[in-house]
There are 2 protein chains.
Amino acid sequence: MVTPDPAAPLTPAAQRVLDAASELFYERGIHAVGVDGIAEAAGVTKKTLYDRFGSKEALVVAYLRARDARWRAHLLATLDRVPSPGTARVLAVFDAAESWSTANSPRGCSAINARAESFPGDGDAVLAEVAAQKAWQVGLLADLCREAGVREPEDTARALMLLYEGAIVTVGMGTFDRPFARARSVAAAVLGLDDPSPTA
Amino acid sequence: MVTPDPAAPLTPAAQRVLDAASELFYERGIHAVGVDGIAEAAGVTKKTLYDRFGSKEALVVAYLRARDARWRAHLLATLDRVPSPGTARVLAVFDAAESWSTANSPRGCSAINARAESFPGDGDAVLAEVAAQKAWQVGLLADLCREAGVREPEDTARALMLLYEGAIVTVGMGTFDRPFARARSVAAAVLGLDDPSPTA
DNA sequence: TCGTCAGTAGACCGACCGGTATATCGTCGC
DNA sequence: GCGACGATATACCGGTCGGTCTACTGACGA
């Protein structure tokens, strides 16, 4: 009870807490949001919040996991619509990222943002979670490169990861418009394609 | 006195405050650091801190400006060593970024990190400062591209900016090693060069 | 010599922080 | 009928937050 099972299905109140926390953490940052505010936004008492999640840090990790799960579902659904062997599936990652960021991520990547306000000794669980998410992402790119028969898939995946990370940060910073479209065309060049420019 | 002149030279105590704040803000994030801790680390009372900077937010802006000024000085010094017309000067930005990040930036870009914990309505001055820094950076890349006779310098600068931002974020996240070396070789390809690979 | 200014020392403010406590209630399943 | 459970309400904890205040010291310049 001090550390509730993170794999257990969420009670209705716990779900409301997680939803409220997700929105507040993403919009304002983690340190700027207090547990009192989360509880109030969820229409729940602090007692319930602590009964369900155990600590603020555990709630932060739950937020990061839930958000990443949504992104992966969106990404995998996009990939499912692209026939299996080929570089088009690699580029589809950038299409998925663009539609995702337009709809859900005006402030960039929750993992990157969370990492920006965590440091070793305070927030170790958060650091571990964001590292795992980024490792998964670069691993997926490598898998897609291998599947497409790209030479040096690991190296290429890292190059693509730079473009992906740069684009999502640029979304958050607002440095210029439609960074994922641009990232996609550079990615196509990296893969040795003539820019197929599938996005408008 | 309520709002000290930001252009005035810093008194010795103010400099110590800024130095202490810079280290703490960068290492732990802005919200996680209190003014009491900064004053203590600087060997200064809170009174002095507020006399010199007026508010925590103003101190944050001063921190971002000072750090960016150091980066620009490092970058411009690096560029001074590369003969004037040519794509080598564009790529030198990545060399400068790699040496800078190795020495000063294990946690990535202070502007990106600051942006991650700011939101409109609280931290507007911070948001304005980080936007200005990123605009300057992409503008410099465009200038270097123009100078080198690159076609479509604005578009190319944005592609390079994606690589630059992706690399500095990857430094902070620790996703893989030496992201700037990889970014540089992709940048060379973007510029239409055979990878000259000037970094070891 | 008299201000002015940088600085120290330290008390104080209300608000908020993450987290815990006790006690009560309704709805289930056994 | 009774306990387990989800949830409520409310009060409380020590500590920290950003920020202000009065009072004093020391140095430099007109």
Side-chain angles (χ1 to χ4, degrees), chain A residues 1-21 24-25 28-64 114 117-119 121-126, chain B residues 1-21 24-25 28-64 114 117-119 121-126:
Chain A
M1 91 184 40
V2 283
T3 25
D5 182 2
L10 296 175
T11 65
Q15 187 63 56
R16 264 157 37 221
V17 168
L18 184 54
D19 291 344
L24 289 169
F25 284 152
R28 308 191 185 191
I30 291 166
H31 277 107
V33 174
V35 288
D36 301 80
I38 295 168
E40 189 185 350
V44 149
T45 61
K46 277 210 289 181
K47 176 76 160 64
T48 299
L49 187 155
Y50 274 92
D51 282 348
R52 299 297 135 234
F53 294 95
S55 71
K56 183 185 182 182
E57 185 176 22
L59 178 55
V60 172
V61 172
Y63 145 66
L64 292 171
E117 30 183 343
S118 303
F119 55 94
D122 182 83
D124 292 315
V126 172
Chain B
M1 83 186 48
V2 282
T3 25
D5 181 1
L10 295 176
T11 65
Q15 187 63 57
R16 263 156 40 220
V17 169
L18 184 54
D19 291 344
L24 289 169
F25 283 152
R28 306 191 184 192
I30 291 167
H31 277 107
V33 174
V35 288
D36 302 79
I38 295 168
E40 188 185 349
V44 149
T45 59
K46 277 209 289 182
K47 174 77 160 61
T48 299
L49 186 156
Y50 275 94
D51 282 349
R52 298 297 134 232
F53 294 95
S55 71
K56 184 185 182 181
E57 185 176 21
L59 178 55
V60 171
V61 172
Y63 145 67
L64 291 171
E117 30 184 342
S118 303
F119 55 94
D122 182 82
D124 292 315
V126 172

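The chains referred to below are lettered A, B, ... by the order of the sequence lines, with proteins before strands, and numbering in each begins at 1.
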Ignoring hydrogens and angles, tell me if any N or O in the side chain of [X] forms a donor-acceptor pair with the backbone of [Y] under 3.5 Å.
{"X": "B/Arg16", "Y": "B/Gly43", "answer": "yes"}
{"X": "B/Arg52", "Y": "B/Thr11", "answer": "no"}
{"X": "A/Glu117", "Y": "A/His31", "answer": "yes"}

Should the heavy atoms of other residues, nucleotides or ligands under 6.0 Å from CD of A/Gln15 be counted, would the total exceed 12?
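More than 12 within 6.0 Å, yes.
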Does A/Arg28 CZ have over 12 foreign heavy atoms under 6.0 Å away?
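Counting other residues, nucleotides and ligands, CZ of A/Arg28 stays at 12 neighbours or fewer.
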N or O in side chain of B/Arg52 less than 4.0 angstrom from C/dC5 OP1/OP2
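For C/dC5, OP1/OP2 do not have a side-chain N/O of B/Arg52 under 4.0 Å.
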Can you tell me how far [atom2] of [N] sits from [atom1] of [X], to the nearest Å?
{"X": "A/Glu40", "N": "D/dT8", "atom1": "CD", "atom2": "P", "result": "13 Å"}
{"X": "B/Phe53", "N": "C/dA6", "atom1": "CZ", "atom2": "P", "result": "13 Å"}
{"X": "A/Ile38", "N": "C/dC17", "atom1": "CD1", "atom2": "C1'", "result": "12 Å"}
{"X": "A/Leu59", "N": "C/dC17", "atom1": "CG", "atom2": "P", "result": "14 Å"}

Set of ring pair (Phe, Tyr, Trp, His ring centres under 6.0 Å) partners for B/Phe25, sequence neighbours left out
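Checked B/Phe25 against ring pair (Phe, Tyr, Trp, His ring centres under 6.0 Å); matches are B/Tyr63.
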Scan B/Thr48 against the nucleic acid and name what it touches under 4.0 Å (heavy atoms): base, sugar-phosphate only, or nothing.
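Base contact - B/Thr48 has a heavy atom under 4.0 Å of at least one base atom.
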Which parts of nucleotides 16-30 of chain D does protein reach within less than 4.0 Å, heavy atoms only, written one letter per nucleotide 5' to 3' as B for base, S for sugar-phosphate only and - for none?
-SBBBBB--------
